[in-house]
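Contents: one structure, followed by commentary.
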Amino acid sequence: MTLEEDYAERVYAGVLGKLIGVYLGRPFEQWTYDRIMEQLGEINYYVHEQLGVPLIVTDDDISGTFTFLRALEDYGNSANVTAEQIGKGWLNYLIENDTILWWGGMGNSTEHTAYMRLKEGIPAPQSGSMELNGKVVAEQIGSQIFIDGWAMVAPNNPDLAVELAKRAASVSHDGEAIYGAQVLAAMESLAFVEADTNKLLDAAVKYIPESSIIYQMIADIRKWHKQETDWRKTREKIVANYGYEKYGGNCHIVPNHALMIFALLYGEDNFQKTQMILNTSGWDTDCNAGNIGCLMGIKNGLSGLEAGPDFRGPVADKLYIPTADGGRSITDAVTEAFHIINMGRALVGKTAIKPKNGARYHFEMPGSVQGFEPEDRVEVRGTLELENVAGHSLLGKRSLAMHYNGLSVGRVARAATPTFIPSLEVAKYFEGRGYKLLASPTLYSGQKIMARITANSDNSEVVNCCLYIRSYAEEDELIITRSETLELGAGNTKELEWIVPDTDSSPIAFVGVELSGKNGIAGSVYLDYLSWEGAPDLSLGRPSFKKRDFRKLGENGMMWKRAWINGLDHALRIETADFWPETYRLIQNSGRGLISQGSKDWTDYQISACFTPHLCKAGGIAVRVQGMRRYYAFICDLESMKIVRTFDEDKVLAETTSGWTFGEPYNLNLKVEGNRLTASLNGEIVLQAVDEANRLTGGGVALICEVGRIGCDGVEVRPIM
């Protein structure tokens with residue numbers, strides 16, 4: 001397998017196509033054709049505002065697609081990754097009842113059923129088999145909605161794409177559901193080099209049995225397409241021959257796969273028309289539109305997405321991937337595309353691409369803004385337009401143009417990108433609808449922000465620029481903090497660096513650039529990149545505004561608690577989150593649970609916390625946390641203290657024969673530097689270890705409780721001095 005020159009851009013187009021399709025179809029998911037036509041008419045563009053819902057949403061189609069694929073990277077980017085390993089990824093990244101899946105219960109939700117099998121110790125592919133779960137449960141739609149990434153890492157290699165799709169789908173599905181996923185994966189893999197839809201279908205169906213329903217259904221739809229020019233009449237044939245009433249369960253793959261093939265054929269290779277037919281036809285609209293959006297993005301590239309109305313502008317590359325790895329929750333299409341691109345490169349023995357020395361926001365994809373948008377506040381509204389342009393970059397080819405106008409005293413321009421949940425209202429909205437938005441911030445106090453900005457050589461006046469953040473404060477209001485302001489004359493370039501100041505334990509929600517000037521000036525500057533590095537330096541305790549009246553439930557702001565990913569039974573219930581006198585009361589009914597915060601770019605640092613074990617099997621602190629089952633931990637119980645590496649299973653790296661006592665406070669500290677770990681208790685080193693395997697090179701922190709209750713105060717994350 002070789003990679004074409006446009007591989008990276010086609011992956012990005014595929015990711016965008018997926019997002020656009022999901023965002024188009026999500027507001028009316030599972031509506032019938034008749035209801036859609038009656039209330040909305042043909043779906044030619046986004047309709048979220050008509051239905052009073054946000055455009056950028058948490059959704060299993062998105063989060064599952066970009067999460068389950070991580071098994072490839074987690075297990076060495078090997079084409080031999082197994083279904084069992086992919087299933088272990090489910091156990092690491094999922095938090096039951098909270099992340100990614102529709103948690104509809106055993107025997108009702110296919111994915112929840114498979115998760116329960118995995119949790120019981122039944123490995124994939126048995127976890128998704130018909131033998132265990134029955135034909136109806138095993139043949140629902142989830143097999144194909146998560147499959148796009150497995151094709152994008154195997155461009156023009158349908159044999160590999162189909163095999164990877166089978167392994168991934170078999171974690172939770174079987175039978176016809178596997179065949180549908182394989183057809184889609186084959187088409188998406190071949191779409192990197194083949195633009196003819198019929199040739200894609202000819203090649204894809206060779207991978208599934210001729211006796212299968214999916215095979216016969218595709219043949220029927222292709223025949224009907226040749227006989228009938230009106231897509232509405234063919235839709236009626238699909239309803240009559242392959243409709244929901246012919247199959248059991250909540251969302252069977254056969255009817256929905258039929259609509260995908262049908263829309264591809266009738267859409268005349270036009271993205272907008274294909275999406276219109278698919279979304280107007282109803283059923284599982286976000287799933288179907290997302291899969292076909294990805295396929296068409298790969299096949300026709302960015303130009304195909306831009307051939308009609310502006311689908312990209314409202315999206316601004318933004319997406320949410322809420323998982324147990326909270327530092328990856330707030331992300332963008334460029335970032336996720338490069339994860340896929342580099343997995344695909346690794347599979348053919350190529351090194352990873354890291355644009356602009358690995359800058360977080362590099363704007364190297366045409367049209368990309370990576371979540372940056374002009375602020376919409378009275379003092380800045382109408383002063384700024386953003387545009388991705390060629391040039392103005394030291395190490396790359398593109399930059400983000402910031403075209404400003406009307407800058408005066410009290411009238412500035414600001415553009416920012418989210419680094420955490422963007423508002424309390426957004427957090428609360430997703431609490432009660434579908435899929436929660438669990439996330440940790442990506443940026444923290446103590447880290448160094450770096451940016452490079454160039455002023456247009458045609459600017460007539462000097463413009464002032466600075467970096468800024470918005471962090472949560474009392475009543476969960478967002479407050480602004482700025483770096484030093486620098487002057488930019490025409491054609492000048494500035495390298496900005498800023499150590500993020502202490503935010504009083506409150507999460508940072510946005511990072512951006514502010515421009516200011518006098519006398520109504522206008523002009524342009526170019527943001528080459530914006531990134532950050534280094535260990536955080538902060539307290540993760542109660543903000544100072546909470547310490548006065550902590551027993552008043554939920555008052556004075558709670559976003560600081562939402563910054564933790566809750567993998568415990570009771571630790572972070574927001575409605576009672578501040579009732580207890582200790583900052584965190586960790587409660588776990590069975591097994592081991594944890595709450596975590598931070599991101600994978602944290603490498604060398606230390607965490608300390610004061611623990612008071614009340615009644616528990618064990619407890620402790622962790623570093624380089626990458627989910628529920630991947631971290632280094634300092635764990636204490638009544639009989640021992642241990643440093644463990646958890647990667648799917650525990651491996652003890654060092655151990656003592658003495659433990660802690662219930663009711664006594666203990667100061668725990670765990671330091672990680674390279675592959676060396678040092679654990680201290682009450683200021684004294686008690687354990688040291690070296691992980692020769694060096695399995696975990698970066699990640700956040702966690703507080704751990706195993707079967708019982710622990711009180712916790714004084715949580716701090718500091719650089720190693």
Original post:
Is it the case that E364 and Y12 place a side-chain donor and acceptor less than 3.5 Å from each other?
Top reply: no
**OP:** Answer yes or no on whether R360 is positioned over the face of Y529, meaning its NZ or CZ is under 6.0 Å from the six-membered ring centre and within 45° of the axis.
**Re:** no
Subject >> Short side-chain donor-acceptor distance under 3.5 Å, Y361 and D528 >> reply: no
Subject >> Cationic N near anionic O, under 4.0 Å, R629 to D648 >> reply: no
Subject >> Donor + acceptor pair across side chains of D325, Q626 (<3.5 Å) >> reply: no
**OP:** Compute whether any side-chain donor of one residue and acceptor of the other, for H403 and E387, lie under 3.5 angstrom apart.
**Re:** yes
Original post:
Ion pair present between E73 and R70, side-chain N to carboxylate O less than 4.0 angstrom?
Top reply: no
Subject >> Check against ring-ring contact (aromatic ring centres under 6.0 Å, His included), Y444 and W602 >> reply: CA-CA 10 Å; Y444 288 84; W602 296 11; 4.9 Å; yes
**OP:** Tell me, please, whether F510 has R470 positioned over its six-membered ring: NZ or CZ under 6.0 Å from the ring centre and within 45 degrees of its axis?
**Re:** no
Original post:
Do the two ring centres, one from H362 and one from F338, sit under 6.0 Å apart?
Top reply: yes
Subject >> Heavy atoms from other residues, nucleotides or ligands near CD of E495 exceed 12 (cutoff 6.0 Å) >> reply: yes
Subject >> Salt-bridge contact K318-E373 (side-chain N to carboxylate O under 4.0 Å) >> reply: yes
Subject >> Distance-only polar pair, side chains of S172 and E111, donor-acceptor under 3.5 Å >> reply: no
**OP:** Just say parallel, tilted or perpendicular for the rings of F192 and Y7, cut-offs at 30° and 60°.
**Re:** tilted
Subject >> Pair S368, N388: side-chain N/O donor-acceptor within cut-off below 3.5 Å >> reply: yes
Subject >> Test item: side-chain donor near acceptor, N279 and Q275, under 3.5 Å >> reply: yes
Original post:
Which word best sums up how the rings of Y115 and W103 line up, parallel for under 30°, tilted for 30 to 60°, or perpendicular for over 60°?
Top reply: perpendicular
Original post:
Within 45 degrees of the axis of the six-membered ring of F363 and under 6.0 Å from its centre: does R398 put its NZ or CZ there?
Top reply: no
Subject >> Pair Y435-D60, side-chain donor/acceptor within less than 3.5 Å >> reply: yes
**OP:** Assess the side chains of Y207 and D159: does a donor N or O sit below 3.5 Å from an acceptor N or O?
**Re:** yes
Original post:
Any luck finding a side-chain donor-acceptor pair between S599 and D601 under 3.5 Å?
Top reply: yes
**OP:** Could you tell me whether the side chains of Q140 and H173 share a donor-acceptor contact shorter than 3.5 Å?
**Re:** no
Original post:
Strictly by modelled atom types, are N288 and N256 linked by a side-chain donor-acceptor pair under 3.5 Å?
Top reply: yes
